[in-house]
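Written out below as structure tokens is the structure these notes cover.
In what follows, chains are A, B, ... by sequence order, proteins preceding strands, each numbered from 1.
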Amino acid sequence: MYNQKVIDAFSNPKNVGEIENPDGIGTVGNATCGDIMQITLRIENDIITDAKFKTFGCAAAVATSSTATEMVKGMSIDQALKLTNAKVVEALGELPAQKMHCSVLAEEAIKAAIEDYLSKKNK
Amino acid sequence: MYNQKVIDAFSNPKNVGEIENPDGIGTVGNATCGDIMQITLRIENDIITDAKFKTFGCAAAVATSSTATEMVKGMSIDQALKLTNAKVVEALGELPAQKMHCSVLAEEAIKAAIEDYLSKKNK
Amino acid sequence: MDKREVYLDNSATTKLDEDVLEAMMPYFTEYYGNSLSQYGFSRKCAQAVDDARYSVAKAIDCKPVEVYFTSCGSEANSWAVRGGALSGRKRGSHVILSKIEHPSIMNSGKWLTQNGFDVTYLDVDKYGMVHEDELRKAIREDTVLISIMLANNEIGTIQNIPALAAIAHANGIVFHTDCVQAMGLIDVNVKKLGVDMLTISAHKFYGPKGVGVLYVRSGLIIDRLINGGGQERGMRGGTTNTPLIVGMGVAIEKAVTETDTNAAKITLMRDRMIERIKNEIPDVILNGHPRQRLPSNVNFAFNYIEGESILMRLDLEGIAVSSGSACSSGSLEPSHVLLATGLPVERAHGSIRFSIGKHNTMEDIDYTVDKLKVIIAQLREMSPLYKPQDRVKEV
Amino acid sequence: MDKREVYLDNSATTKLDEDVLEAMMPYFTEYYGNSLSQYGFSRKCAQAVDDARYSVAKAIDCKPVEVYFTSCGSEANSWAVRGGALSGRKRGSHVILSKIEHPSIMNSGKWLTQNGFDVTYLDVDKYGMVHEDELRKAIREDTVLISIMLANNEIGTIQNIPALAAIAHANGIVFHTDCVQAMGLIDVNVKKLGVDMLTISAHKFYGPKGVGVLYVRSGLIIDRLINGGGQERGMRGGTTNTPLIVGMGVAIEKAVTETDTNAAKITLMRDRMIERIKNEIPDVILNGHPRQRLPSNVNFAFNYIEGESILMRLDLEGIAVSSGSACSSGSLEPSHVLLATGLPVERAHGSIRFSIGKHNTMEDIDYTVDKLKVIIAQLREMSPLYKPQDRVKEV
Ligand SMILES: Cc1ncc(COP(=O)(O)O)c(C=O)c1O
Ligand SMILES: Cc1ncc(COP(=O)(O)O)c(C=O)c1O
């Protein structure tokens with residue numbers, strides 16, 4: 001069902017964990033639907049310098065979290081806000097149709113984390 | 001479906017044909033139902049001395065005709081009137097359930113032939 | 001003349017091809033996993049099922065998602081007719097079938113009647129052909145489904161399905177066709193036939209028993225027949241039968257590749273058999289169409305005698321044939337197909353179907369006709385209906 | 001620790017027994033005739049089908065004429081529920097099922113609802129047991145059919161069918177039970193169970209996929225599901241699938257002979273697995289009944305994490321298991337069975353079924369638990385729900 005890239009990203013995920021005192025934190029999804037994604041970001045001068053995730057979810061959720069956190073590191077927050085789930089999936093090759101919603105969660109979690117950063121910054 | 005005795009009686013039937021100027025002739029069944037049986041008897045002093053049959057019908061019809069005509073030869077007409085299809089089937093071992101009606105035809109054809117004889121005799 | 005074993009009942013079922021069996025074998029004891037499971041062990045099963053679905057799609061010219069595996073032709077037919085009608089219930093409750101459909105269709109029609117539908121059975125002509133006008137006349141405002149078979153299993157008559165399906169579509173009606181007998185012998189192509197649903201069954205073209213296909217045009221949704229889990233995209237329950245589906249895939253590939261050669265070879269045997277019987281046995285009637293006919297089908301009424309006796313006598317010579325439809329063998333009813341062509345009951349009772357397959361040879365045919373001549377003569381001698389003078393009259 | 005291949009999904013499907021395959025083989029290419037044909041060539045097929053029917057009858061303690069061969073458990077279940085309800089329509093239109101039935105039953109219930117029936121789904125307790133009082137309360141004047149499974153496929157809970165069937169009969173209601181999971185592991189006897197209809201499927205007890213049985217008590221007549229010719233005494237269409245039916249016959253004979261030894265051996269493995277998981281992995285919940293449980297079934301909720309991830313990580317170690325019901329794998333819905341036992345949705349999502357078969361060994365079990373411990377710990381580290389302090393609280 002999953003391709004090898006997804007299986008690799010799932011079995012050796014990068015950036016697992018939680019940044020202490022993150023500059024931005026985003027949590028989306030809920031356990032009832034079977035997927036929760038939490039992304040924590042370290043942001044310096046609007047550049048994402050570190051990203052970590054925690055996921056309660058399927059293999060696709062883990063793989064997209066791992067890939068998405070890899071991709072945003074080094075991006076400006078403007079660039080990161082433009083990161084779509086399509087790009088994350090592209091990086092992984094493909095996902096089964098019924099798993100596409102998991103890639104949306106990664107996009108949403110990053111957006112939520114950046115918004116959290118922006119709202120704190122503007123306070 | 002058929003046992004060996006039935007198959008033997010079917011493949012080497014005895015008494016096939018038609019007695020010329022029979023003392024009794026009985027024809028029962030109709031082609032629409034898939035079975036017609038004609039039995040001709042030679043009867044001397046109320047004793048059946050010869051019996052022949054013609055059949056348009058299935059293997060069971062042929063086998064029971066053959067067996068029934070064998071059985072009635074040498075019988076008095078009273079004895080022959082008591083010949084039931086159960087006895088004919090018994091002689092053959094057994095018949096498939098859906099073929100039992102064929103054995104009834106043999107019984108009926110013999111009765112019809114004897115009645116024909118009796119009605120001619122009483123005229 | 002030595003005794004032979006001659007199997008001339010290929011319309012009932014065929015010998016499983018050795019190549020097909022070989023392809024199936026690993027899926028019995030080695031790759032036995034559930035093809036829908038998510039672990040690696042089942043991946044090979046899932047792939048095999050995908051491949052088979054692709055082979056079927058390619059063979060009948062449709063998309064793989066339009067292929068639904070079933071357990072047989074009867075299931076696919078029951079599903080198409082009952083499911084197609086039930087899902088159309090909002091639009092109407094009238095269904096049209098022909099009078100010569102397979103029992104799985106006829107009895108599905110009966111089921112529909114018992115469940116609030118109205119079913120019209122189209123007449124056929126003496127060759128077993130459905131006429132376009134008959135169909136046009138039968139169509140009503142509330143007609144939701146039409147099912148007419150491509151090739152008949154008893155008499156081999158081939159209908160003009162493209163024309164009939166076009167009439168259905170001109171009236172916005174879903175059209176199903178039973179191609180169980182046709183597959184492997186004539187072209188079966190959903191596009192050319194122009195149908196919405198189509199049935200095939202592997203064991204009629206040297207595949208395994210127990211696996212059929214219902215093609216359902218994408219966009220058409222029919223009511224389910226076998227409920228279950230997510231199998232067949234939620235449309236047909238039951239743990240995926242990987243080995244048999246693999247068998248279907250290989251069998252249909254082979255059938256399509258071989259159709260022309262097999263049909264040519266089988267047609268020669270058919271034509272010789274028909275010629276010889278007509279010339280050498282008096283008082284016979286060829287049932288079915290003289291030209292619009294399956295390559296494999298020879299069906300004759302032998303006047304004055306009854307089919308089972310012929311069948312049994314041929315059997316004693318090692319020849320396997322069928323009287324009436326094999327599916328209803330053991331029943332005492334005369335064939336509804338032969339009666340629909342106008343054959344009198346007693347002649348229907350005296351009809352025999354010889355169905356030729358790719359394993360038969362011309363020697364099989366000659367052996368059969370030689371034996372048949374003797375048997376027919378002997379049985380006629382035994383028949384109270386047979387009067388030689390009648391013969392003279394008829395000749 | 002070397003990598004092993006460990007198949008712990010025997011409730012999804014089992015490895016076809018070599019003896020069973022061997023018995024089937026001659027019927028593929030040698031005795032391939034239609035078992036209903038009248039000629040000698042088919043006699044061996046007819047005999048083989050008779051023998052298989054007799055073996056099934058003996059195994060479940062019924063008469064051969066009460067055995068109907070189907071293409072799978074799902075077909076038999078759909079047939080029993082839809083056919084049983086439809087034939088009872090004159091008496092009423094209410095049907096009772098439990099909330100933990102297999103999708104083939106659940107969806108047949110849905111079909112009935114769409115076709116004018118009223119269906120009650122009985123609650124179960126936290127162990128998955130149906131209570132007799134619940135059934136008594138649900139019965140109405142117009143109840144015509146009750147279907148409750150003997151052993152559940154996800155959590156292994158075994159119902160007290162004799163008591164439930166007795167309640168049905170006291171009210172003159174037909175009772176069906178799905179024994180697909182039970183056959184071969186516990187006693188399946190129609191007399192002792194006291195049921196009117198019963199379903200089994202060969203591929204769950206080392207027989208071939210694609211053949212099931214519906215037992216229908218003689219005297220009970222149900223509506224047909226698959227229409228066709230005279231097969232199965234006119235009750236189920238489709239050319240008789242001799243090889244698969246032979247497989248069913250041999251598999252069930254073997255299953256009955258081996259039930260006690262297999263069950264004993266498998267129970268030991270099950271109990272060790274349950275003990276070890278409970279002792280060595282924190283925050284787990286055993287789903288299902290602690291004692292009224294299939295010998296083969298181990299089902300745990302692993303809190304804070306999601307089932308598919310566990311399944312995939314186990315797969316990478318060569319271990320095949322199922323999350324939720326194998327039949328609905330690939331679906332995103334949490335198991336309806338686990339929810340019915342009151343498990344919260346996120347814990348249902350984090351549940352795994354291990355189902356043990358006769359080919360497994362204690363080494364398989366130990367290897368699996370060893371791997372599982374590591375995987376669960378790693379996945380929890382990844383989970384936003386998992387806070388070590390929670391754990392301390394719960395312990
Ligand atoms: C309890 C239960 N009933 C019915 C079925 C359906 O059996 P089959 O796969 O043969 O359709 C299964 C297995 O999938 C099952 O576990
Ligand atoms: C025309 C036709 N339709 C349907 C069927 C049913 O196929 P199956 O035996 O696979 O159920 C048959 C054969 O029996 C057939 O000849």
Side-chain angles (χ1 to χ4, degrees), chain C residues 5 7 9 12-16 18 21 28-29 32-34 36-42 71-75 77-78 103-104 107-108 110-111 203 208-211 224-231 237-244 308 311-312 315 320-322 325-331, chain D residues 5 7 9 12-16 18 21 28-29 32-34 36-42 71-75 77-78 103-104 107-108 110-111 203 208-211 224-231 237-244 308 311-312 315 320-322 325-331:
Chain C
E5 297 292 325
Y7 184 72
D9 204 15
T13 192
T14 56
K15 183 177 190 315
L16 180 62
E18 300 280 356
L21 180 58
F28 284 119
T29 52
Y32 58 84
N34 179 342
L36 286 191
S37 296
Q38 291 167 276
Y39 37 75
F41 176 64
S42 282
S71 71
C72 59
S74 297
E75 180 194 329
N77 280 344
S78 300
S104 53
N107 288 324
S108 295
K110 215 160 131 187
W111 188 91
H203 74 96
K209 292 179 183 47
V211 57
R224 292 170 185 79
L225 188 71
I226 296 188
N227 296 111
Q231 299 92 355
T239 300
T240 315
N241 195 336
T242 312
L244 264 57
E308 194 201 275
L311 184 152
M312 297 265 315
D315 183 30
V321 302
S322 172
S325 155
C327 294
S328 49
S329 285
S331 88
Chain D
E5 296 292 325
Y7 184 72
D9 204 15
T13 192
T14 56
K15 183 176 190 318
L16 179 62
E18 301 280 356
L21 180 58
F28 284 120
T29 53
Y32 58 84
N34 179 344
L36 285 191
S37 296
Q38 292 166 276
Y39 38 74
F41 176 63
S42 283
S71 70
C72 58
S74 298
E75 181 194 329
N77 280 344
S78 300
S104 53
N107 288 324
S108 296
K110 215 160 132 189
W111 187 91
H203 75 97
K209 291 176 183 50
V211 56
R224 291 168 185 81
L225 189 71
I226 296 188
N227 296 110
Q231 298 93 354
T239 301
T240 315
N241 196 337
T242 313
L244 264 57
E308 193 201 275
L311 184 153
M312 297 264 316
D315 183 29
V321 301
S322 171
S325 156
C327 293
S328 50
S329 285
S331 89

Between the CG atom in C/L225 and the CD atom in D/E75, the distance rounded to the nearest 0.5 Å is 8.0 Å
Give, for atom CZ of C/R224 and atom CH2 of D/W111, the distance between the pair rounded to the nearest 0.5 Å.
12.5 Å
Please name the pair of heavy atoms, one in D/Q38 and one in C/D315, separated by the smallest distance, quoted to 0.1 Å.
O-OD2, 4.3 Å
So how far is it from D/Y32 OH to C/K209 NZ, rounded to the nearest 0.5 Å?
9.0 Å
Sort D/V211 into side chain, backbone, both or neither according to what part of it lies under 4.5 angstrom from a heavy atom of chain C.
neither
Looking at D/G238, D/P243, D/S108, D/S42, which one has more heavy-atom pairs under 4.5 Å with chain C than the rest?
D/S108
Applying side-chain contact (heavy atoms from CB on, under 4.5 Å) to D/S104 and not counting sequence neighbours gives D/S74, D/N77, D/H102
Contact class of D/E308 relative to chain C, heavy atoms under 4.5 angstrom:
side chain
Could you state the interatomic distance from CG (C/L311) to OG (D/S37), rounded to the nearest 0.5 Å?
8.0 Å
List in chain and number order the residues that pass ring-ring contact (aromatic ring centres under 6.0 Å, His included) with D/Y39, two or more places apart in sequence or in another chain; answer none if no residue qualifies.
none
Nearest 0.5 Å, please: how far is OG1 in D/T13 from CG in C/N241?
9.5 Å
How close do C/G237 and D/C72 get, heavy atom to heavy atom, and via which atoms?
O-SG, 4.4 Å
Sub-3.5 Å donor-acceptor pair from the side chain of C/N34 to the main-chain atoms of D/A12, do we have one?
no
Separation between OG of C/S78 and CG of D/N227, rounded to the nearest 0.5 Å
4.5 Å
